[in-house]
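Here's the structure, in structure tokens; my notes come after.
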Protein chains: 2
Amino acid sequence: MLSKKTKYGIKALTFIARQEKGTMVQIATISESENISHKFLESILLTLRKSGILGAKKGKGGGYYLLKPSHEIKMTDVIRTLEGPIAMVPCVSLNYYEKCDDCPDEDACSVHKLMIQVRDNTLQVLRNNTLADLV
Amino acid sequence: MLSKKTKYGIKALTFIARQEKGTMVQIATISESENISHKFLESILLTLRKSGILGAKKGKGGGYYLLKPSHEIKMTDVIRTLEGPIAMVPCVSLNYYEKCDDCPDEDACSVHKLMIQVRDNTLQVLRNNTLADLV
DNA sequence: CTTAAAACCTAGTATTCCGATAGGGTAAAG
DNA sequence: CTTTACCCTATCGGAATACTAGGTTTTAAG
């Protein structure tokens, strides 16, 4: 299951991407338009800023904006930032690899074999989709 | 993330599939061989039996066995039984569809658009893999 | 017929995670 | 120097996960 955090994050990003380039978008604007709790959204956008996807400007007239053109923002990065690993099992994760403690031989493991395929297919989809593709 | 329930379930099924056709396999055998808690595994195999993937025989010399040849057991069925919906969002689920209450227009939703693709790719992988492919 | 072995079933529990909320702190326009 | 809007930490209830406990029923074997 996709967490609401990720879901809201993607919605917020596409909302920002739909504006004219360089426009400042405020939390309140997104929150109202997309039906997302203001405070919750705040923490999500903060995460996206820290990961280098969004920039922010404080003070009156401030807000959030994309740091890169939307066609350069890959969904893999967005998902990894908000949701964490894309793989469904740590032992097939590229960025968050962890050995299973119950499994002596990874190459002989049926779950491993299956989940590698799922991961590869999912990765392909997410890599081929940028923010621009979703707008 | 794949739950341990599903992970253990797949491991147990492949263990059974590796035996000669029609062999009774006991919980304890699988539990020891695959490092899975006996009691937890018990509840998992029960679920698989109730869903019609496994058969069981009680009493001495009893155990679990596959109801169909392993190449007819699709991973979609196994995952749906143990993990639930394959889709990452209810609004793109084929078997467990549910409308998002925050989203007025599904066709305009970026999350929807993306997750449809992920679902289709995952489904393809899981449909093309049977138990026999994992053994 | 008895007993042991095995699945079956119900219930409970400890822990973890999620979604959200609270409440202020800090910086920059105007 | 006040308002606006982002920044940060902490907390909390509810749901889901991953087991655990203990008893019941069925079957085969002695």
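Any value given below was found using the heavy atoms of this structure, including those in side chains, with hydrogens, waters and symmetry copies removed. No experiment lies behind these values; they were computed from the predicted model shown. In what follows, every chain begins at residue 1, and chains take the letters A, B, ... in the order their sequences are listed.
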Atom-pair distance ([atom1] on [X]; [atom2] on [N]), nearest Å:
X: B:Ile44; N: D:dT17; atom1: CD1; atom2: P; answer: 12 Å
X: A:Leu45; N: D:dC8; atom1: CG; atom2: C1'; answer: 15 Å
X: A:Tyr64; N: D:dA5; atom1: OH; atom2: P; answer: 12 Å

For residues 119-129 of chain A, dump all side-chain donor-acceptor pairs below 3.5 Å to protein atoms at least two apart in sequence or in another chain.
residue, atom, partner, partner atom, Å
A:Arg119, NH1, A:Val92, O, 2.8
A:Asn121, ND2, A:Gln117, O, 3.0
A:Thr122, OG1, A:Val118, O, 2.8
A:Asn128, ND2, A:Gln124, O, 3.2
A:Asn129, ND2, A:Val125, O, 3.0
A:Asn129, ND2, B:Gln117, OE1, 2.9

Return all side-chain donor-acceptor pairs below 3.5 angstrom for residues 27-36 of chain B, not counting sequence neighbours, or 'none' if the list is empty.
residue, atom, partner, partner atom, Å
B:Ser31, OG, B:Ile36, O, 2.9
B:Asn35, ND2, A:Asp102, O, 3.1

For DNA chain D, which residues of residues 29-40 of chain B approach it to below 4.0 angstrom with any heavy atom? B:Ser37, B:Lys39, B:Phe40
Kindly state which residues belonging to residues 76-101 of chain A come within less than 4.0 angstrom of DNA chain D, counting heavy atoms of the residue only, listed by number. none
Decide yes or no, distance alone: a donor-acceptor N/O pair under 3.5 angstrom between the base of D:dC6 and the side-chain of A:Gln26. no
Can you give one letter per nucleotide of nucleotides 25-30 of chain D, going 5' to 3': B for a protein heavy atom under 4.0 Å from the base, S for sugar-phosphate only, - for none? -BBS--
Hey, does the side chain of A:Arg49 come within less than 4.0 Å of D:dC7's phosphate (OP1/OP2), counting only N and O? yes
Not counting sequence neighbours, list each pair that qualifies as a ring-ring contact (aromatic ring centres under 6.0 Å, His included) and has a residue in residues 25-60 of chain A. A:Tyr8-A:Phe40
Pairs under 3.5 angstrom only: tabulate donor-acceptor contacts from the side chains of residues 47-60 of chain B to other protein residues two or more places apart or in another chain.
residue, atom, partner, partner atom, Å
B:Thr47, OG1, B:Ser43, O, 2.9
B:Ser51, OG, B:Leu48, O, 3.1

Walking along DNA chain C from 5' to 3', note the first and the last nucleotide with an atom under 4.0 Å from a heavy atom of chain A, and give both. C:dG19 to C:dA29
Answer yes or no: does atom NZ of B:Lys99 have more than 12 heavy-atom neighbours from other residues, nucleotides or ligands under 6.0 Å? yes
Which residues pass the side-chain contact (heavy atoms from CB on, under 4.5 Å) test with B:Tyr65, not counting sequence neighbours? B:Met24, B:Leu67
Mind checking who shares a hydrophobic cluster with B:Tyr97, ILVMFWY linked at side-chain heavy-atom distances under 4.5 Å? none
Using salt bridge (Lys or Arg N to Asp or Glu O under 4.0 Å) as the criterion, list what pairs up with B:Glu42, not counting sequence neighbours. B:Lys39
Taking salt bridge (Lys or Arg N to Asp or Glu O under 4.0 Å) as the test, write out the residues that go with B:Glu83, two or more places apart. none
